[in-house]
Amino acid sequence: MVNTQALSSDPALRNLDGMLPDLEALYRDVHSHPELSMQETRTAGLAADRLRAAGYEVTTGVGKTGVVGLLRNGEGPTVMLRADMDALPIQEATALPYASKATAMDREGKTVPVSHMCGHDMHVTWLAGATKLMADARTSWRGTLMAVFQPAEETGEGAQAMIDDGLFKHFPKPDVILGQHVMVGPAGTVAGRAGAITSAADSLQIRLFGRGAHGSMPQASIDPVVMAASTVLRLQTIISREVAAAEAAVLTVGVLQAGTKENVIPDEAIIKLNVRTFDAGVRKRVLAAIERIANAEAAASGAPQPPEITTIDQYPLNVNNQDAAKRVADAFRGHFGAERVRETGPAPASEDFGSFGSEWHVPSVFWFVGGTDPKTYAQAKEANKINELPVNHSPKFAPLLHPTLRTGVEALVVAARAWLPA
Ligand SMILES: [Zn+2]
Ligand SMILES: [Zn+2]
């Protein structure tokens with residue numbers, strides 16, 4: 001079991017116990033009212049109301065539904081804390097009493113189930129709690145606290161939308177940008193590292209052009225099915241033959257579509273793939289290899305025109321600044337105790353959080369907060385079945401409310417206080 005008794009008692013955390021019932025109510029409310037990417041108006045409204053009530057200057061509608069709260073509290077550094085707000089088009093299967101029954105219209109006009117299966121409802125609640133505690137304890141620190149509630153992380157658009165909407169122009173440049181994500185891991189613990197923390201992700205579509213014909217006369221065709229099959233197999237040699245053992249990367253073809261009938265050779269085929277990389281050089285090399293292979297396979301088939309390669313979405317590499325990550329880890333160890341602070345490898349998950357720091361040229365730190373029942377986690381580890389625990393985006397992803405709620409609030413406050421002097 002994890003002993004969740006903190007070692008230090010920051011003045012800002014003194015009111016946390018009393019605030020937990022209210023935060024739990026907020027969490028259940030956001031959980032049962034999830035909103036799809038760029039539709040987070042209700043959630044943004046809740047965040048803005050709470051920031052205003054706590055005394056923040058609030059700007060809404062930044063990058064469509066984003067919310068920025070500023071608490072100017074005298075001379076000192078500026079710390080930006082970020083939470084994402086969007087949910088996913090997934091039918092929740094947790095059986096929680098507050099499980100989502102919501103549906104919404106997606107961008108194609110389809111009605112889809114919606115649920116917080118990535119835990120962004122937890123992120124919203126953490127930031128609401130931390131900003132209130134810091135406001136209540138403003139006599140114990142100085143500087144500026146900037147809270148950013150971001151839309152559309154799941155589509156990779158939200159951070160960029162806020163940046164494009166003038167985030168860097170209208171708000172003070174922070175000295176550090178901090179963010180966190182609930183993940184599989186013992187509840188009550190935090191995990192982080194210096195350097196790359198989440199991978200870059202590139203989703204691409206490759207449209208291969210052939211020439212259709214009757215299935216009985218392949219000689220009249222340029223068969224895009226064979227072209228696509230060959231391309232998929234060759235693409236798998238990029239990671240196995242062109243990326244060194246120490247340079248991790250993932251390439252998954254998730255969509256392979258062609259044809260409508262068994263005796264008709266179609267005109268074209270579609271491949272959709274996803275690439276994860278942890279290094280800018282490796283990313284460039286893998287993307288170039290994909291283009292080279294797609295073009296060469298099309299040429300080998302005698303395709304009437306080269307394939308059309310388009311980007312579906314893109315997430316930047318999320319790199320924790322060395323010094324800032326060390327400062328956060330030291331603060332965490334001082335507060336939580338060393339046994340509750342885990343060192344983790346870079347996660348093959350992706351996040352647009354990294355855009356804020358890399359484009360504003362500000363050091364940023366991102367870490368994970370465990371949300372799994374520690375007993376369940378320990379049993380799964382013992383049985384070598386960690387991979388079978390419900391992860392983010394699973395319809396059964398359900399963070400253990402306590403102590404996950406408290407741990408995330410503590411982590412934000414403790415990390416912010418590492419920059420904001422008394
Ligand atoms: Zn997600
Ligand atoms: Zn997420």
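Note that ligands are numbered from 1 as they come in the structure, with each ligand's atoms numbered from 1 the same way.
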Taking N320 for its side chain and F366 for its backbone only, find out whether a donor-acceptor pair lies under 3.5 Å.
-> yes
SB check D84 R82 (cutoff 4.0 Å) | yes
Residue list, side chain to side chain donor-acceptor pair (under 3.5 Å) with R107, at least two apart or on another chain = E157
Can you give the donor-acceptor pairs under 3.5 Å from side chains of residues 241-258 to other protein atoms, not counting sequence neighbours?
from: E242; atom 1: OE1; to: R292; atom 2: NH1; distance (Å): 3.3
from: E242; atom 1: OE2; to: R292; atom 2: NH2; distance (Å): 2.7
from: E247; atom 1: OE1; to: A244; atom 2: N; distance (Å): 3.2
from: E247; atom 1: OE1; to: R285; atom 2: NH2; distance (Å): 3.1
from: E247; atom 1: OE2; to: R285; atom 2: NH2; distance (Å): 3.2

Output side-chain donor-acceptor pairs under 3.5 Å for residues 355-364, partner residues at least two apart or in another chain, one line each.
from: S355; atom 1: OG; to: D352; atom 2: O; distance (Å): 3.3
from: S358; atom 1: OG; to: G354; atom 2: O; distance (Å): 3.0
from: E359; atom 1: OE1; to: Q160; atom 2: NE2; distance (Å): 3.3

Show all protein N/O/S atoms under 2.8 Å from the Zn ion (ligand 1), or state that there are none.
-> C118 SG, E154 OE1, E154 OE2, H393 NE2
Among V286, I239, V282, whose side chain to side chain contact (heavy atoms under 4.5 Å, CB included) with V275 holds?
-> V286
